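Here the structure is laid out as structure tokens; the discussion comes afterwards.
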Amino acid sequence: MFQVRIHGRGGQGVVTAAEMLSLAAFSEGHHSQAFPSFGSERTGAPVVAYCRIDDKEIRIREPITEPDALLIQDPTLLHQVDLFSGLRPQGYVLINTSHSFHELGLDDLYRDHRKDRLVTLPATEIAREHVGRPMPNAALLGGFAALSGQITLEAVATGIHGKFSPKIAAGNIAAATAAYGYVRQQMEELASA
Amino acid sequence: MLSQIEGSKAVADAIALCRPEVICAYPISPQTHIVEGLSALVKSGKLAGCEYVNVESEFAAMSVAIGASAAGARAYTATASQGLLYMVEAVYNASGLGLPIVMTVANRAIGSPINIWNDHTDTMSQRDCGWIQLYAETNQEAADLHIQAFKLAEELSLPVMVCMDGFILTHAYERVDMPNQEQVDAYLPAFEPRQVLDPAAPISIGAMVGPEAFTEVRFLAHHKQMQALDLIPEIATEFQEIFGRDSGGLVRPYRTEDAETVIVALGSVLGTIKDVVDERREAGEKIGVLGITSFRPFPMLAIRGVLRHAQRVIILEKALAIGLGGIVSDNVRNALSGITLKGNTVIAGLGGRAITKVSLHKLFDEARADRLERLVFLDMDYDLVQREIERTKQQRRSGSAAENILRDVGVVAARPA
């Protein structure tokens with residue numbers, strides 16, 4: 001089972017991101033389970049959503065405490081929430097930011113973790129360009145596909161289509177595609193460094 | 001067709017396939033997505049021949065359902081928590097009048113303290129209201145149970161409550177094999193009421209009954225509900241023939257054949273328990289789990305049949321009978337009358353506290369070592385409780401327990417100004 005935890009703030013499409021990811025995984029024949037952390041949702045409040053992916057029925061119903069991947073939609077949460085709690089040693093981390101891990105004050109994580117599992121991605125900027133709104137969720141899923149290889153970019157597009165009207169989906173798919181390319185390039189640079 | 005779908009949407013679509021004629025509901029978390037989904041289906045014309053009535057309260061929702069059902073319409077509503085309590089007077093009337101209304105309850109805790117998260121306190125409070133109560137383990141089962149519920153309700157002329165865990169199921173996206181209209185039409189015939197209010201042939205229902213006949217009328221309500229013990233397995237078998245799925249029934253045993261320890265539970269937590277059972281089976285422990293799908297009527301014989309060969313039964317329940325302990329436990333013990341085995345009541349998941357595999361393993365380890373008390377509160381912070389008990393001993397006006405505890409756990413909003 002592959003478990004993804006997504007952190008963000010109310011209004012950033014965190015829950016939708018988990019749902020799109022589950023739709024993407026389903027479209028490739030996997031079992032998948034997406035659910036939000038349940039609370040009194042309000043704009044700006046920290047929000048967590050979860051997605052499990054497996055090749056057999058997923059029966060477990062508890063929140064994900066040991067994620068294989070962390071998607072962080074809002075880096076300002078770094079100082080508010082224990083985002084890396086339970087992260088698996090080989091786990092993937094994708095942060096929506098135009099800063100580096102060093103600039104975010106994450107030197108310890110960067111030193112101790114596999115470098116090819118850590119990526120930053122300016123998802124909000126990419127979304128502004130392709131969606132016209134600062135909604136980083138679709139771009140992050142594109143980046144996640146590139147980083148982890150758990151799902152394809154085509155599946156991400158299917159997931160986006162499942163949640164949005166064709167017109168809005170098109171912009172989000174463009175954002176996911178751009179993010180996919182960005183992360184692939186980062187990983188190639190790392191591999192050849 | 002296999003769909004990756006939100007639980008609420010799956011239920012709304014399943015209800016629509018049952019061709020309801022009146023839907024009346026008042027939104028309340030975590031039921032909201034279900035009735036929003038149905039309202040959209042009516043508005044768009046996809047659900048034709050159905051009137052969606054926006055009501056001003058849950059009491060009105062159940063009252064409209066009663067009127068609609070009495071007039072011969074297939075009626076549906078949904079609620080949760082405080083909403084269920086608010087409609088209680090009408091809930092009893094619906095069953096007393098023998099009206100086959102189907103209602104979803106998206107299970108949620110009851111205040112005070114107010115809490116929007118999942119447990120079973122709401123529906124457990126209505127266990128004796130005369131409705132049939134079915135509990136869903138997965139979203140697949142939630143969808144399937146609603147289709148079975150209309151058949152069951154209309155055959156017996158009794159209302160059916162389908163209980164599904166709020167948020168955990170209602171807000172979860174997972175794989176559901178959605179039935180199609182042809183299948184549902186083949187399974188569920190048009191509603192032919194056993195009684196109907198018709199201006200062309202006027203009758204009255206809902207008479208006042210005095211001591212001379214009240215006991216007899218109440219006995220008949222019991223007698224009627226007990227018939228569901230035969231009917232529920234029958235309609236589940238018919239369901240399997242048409243839909244190809246084993247869904248519903250009275251109880252669902254899992255790896256109980258040779259089990260020395262059997263866990264009993266209701267609803268979505270069964271999934272997590274099954275994973276734990278598999279892991280412990282691999283380590284050689286003879287352990288199984290019994291899911292109760294039909295809590296009312298209570299399948300006494302089916303439960304007795306599964307548990308009678310066990311050495312220990314652990315009843316894990318998401319509600320607390322204050323002043324007693326466990327509600328499900330009390331019922332299960334009744335089913336085990338005359339059988340001696342070790343029993344534990346575990347109160348778990350209250351107000352949305354996650355029930356984790358780690359905690360369940362610890363719990364079952366304790367049981368195996370015979371160190372488990374008769375009544376256990378899973379993952380409760382005993383120090384926190386003790387501090388508040390001490391405060392109440394030391395000070396007559398020690399303040400509200402809820403606020404004091406929040407302050408102790410460091411929730412910011414609870415700090416004094």
Side-chain angles (χ1 to χ4, degrees), chain A residues 1 3-6 14-42 45-66 80-82 85-86 151 155-156 158-163, chain B residues 2-9 29-30 32-33 106 108-109 114-118 137-140 165-177 254 265 267-279 289 291 318 348-349 351-360 379 412-413:
Chain A
M1 180 150 47
Q3 307 192 93
V4 182
R5 196 168 71 203
I6 308 175
V14 179
V15 177
T16 306
E19 292 170 355
M20 289 192 293
L21 181 55
S22 89
L23 289 165
F26 172 76
S27 77
E28 295 194 318
H30 302 294
H31 283 269
S32 185
Q33 177 202 57
F35 59 103
S37 71
F38 319 114
S40 308
E41 291 87 357
R42 59 205 188 279
V47 171
V48 189
Y50 310 93
C51 184
R52 294 190 165 98
I53 301 169
D54 206 346
D55 289 321
K56 58 181 195 304
E57 188 191 353
I58 299 166
R59 299 185 299 196
I60 188 168
R61 298 282 175 188
E62 66 183 66
I64 293 169
T65 50
E66 293 181 352
Q80 194 177 352
V81 179
D82 186 7
S85 167
I151 46 166
V156 171
T158 306
I160 292 169
H161 266 299
K163 288 298 291 184
Chain B
L2 282 182
S3 305
Q4 181 76 10
I5 187 171
E6 192 197 32
S8 294
K9 174 77 175 133
S29 285
T32 317
H33 292 184
R108 170 185 148 182
I114 188 156
N115 176 295
I116 64 159
W117 290 266
N118 164 254
E137 178 180 335
T138 61
N139 282 330
Q140 180 73 64
D165 283 313
F167 295 113
I168 297 171
L169 290 182
T170 55
H171 287 53
Y173 265 67
E174 59 188 31
R175 182 182 290 201
V176 178
D177 191 354
Y254 180 78
S268 65
V269 72
L270 285 164
T272 309
I273 297 174
K274 283 178 182 173
D275 276 6
V276 172
V277 161
D278 282 357
E279 288 171 14
V289 53
K318 287 186 173 184
R353 180 161 297 182
I355 300 174
T356 65
K357 276 171 58 173
V358 170
S359 296
L360 291 175
D379 292 333
V412 177

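Note on naming: letters A, B, ... go to the chains in the order of the sequence lines (proteins, then strands), and numbering restarts at 1 for each one. All values derive from a computational prediction rather than experimental measurement. Below, all heavy atoms of this structure are taken into account, side chains as well, without hydrogens, waters or symmetry copies.
Classification of A/Glu57 and B/Lys274 as a salt-bridged pair fails, no side-chain N sitting under 4.0 Å from a carboxylate O. Between A/Arg61 and B/Asp275, no side-chain nitrogen of the basic residue sits less than 4.0 Å from a carboxylate oxygen of the acidic one, so the salt-bridge criterion is not met.
For the atom pair OG1 of A/Thr158 and CD of B/Gln4, the computed distance is 12.5 Å after rounding to the nearest 0.5 Å. How far CG of A/Leu23 is from CD1 of B/Ile5: 10.0 Å, rounded to the nearest 0.5 Å. The CG atom of B/Leu2 sits 8.5 Å away from atom NE2 of A/His31, with the distance rounded to the nearest 0.5 Å. Remark: B/Tyr173 OH to A/Leu21 CG distance equals 12.5 Å, nearest 0.5 Å.
Put simply, of A/Glu19, A/Arg52, A/Gln33, the one with the most heavy-atom pairs under 4.5 Å next to chain B is A/Glu19. Highest contact tally toward chain A, considering only B/Ser268, B/Pro30, B/Gly352, is held by B/Ser268 [criterion: heavy-atom pairs under 4.5 Å].
In this structure the side chain of A/Ser32 never reaches within 4.5 angstrom of the side chain of B/Arg175, judged on heavy atoms. In this structure, the side chains of B/Glu174 and A/Ile58 stay at 4.5 Å or more apart for every pair of heavy atoms.
Proximity to chain A is limited to the side chain of B/Asp278, based on heavy atoms less than 4.5 angstrom apart. Interface residue B/Ser3: only backbone heavy atoms are found under 4.5 Å from chain A.
Defined by atom type and a distance below 3.5 Å, a donor-acceptor pair is missing between the side-chain atoms of B/Thr272 and A/Glu62.
Partners of B/Ser359 by side chain to side chain donor-acceptor pair (under 3.5 Å), not counting sequence neighbours, listed by chain and number: B/Thr356, B/Asp379.
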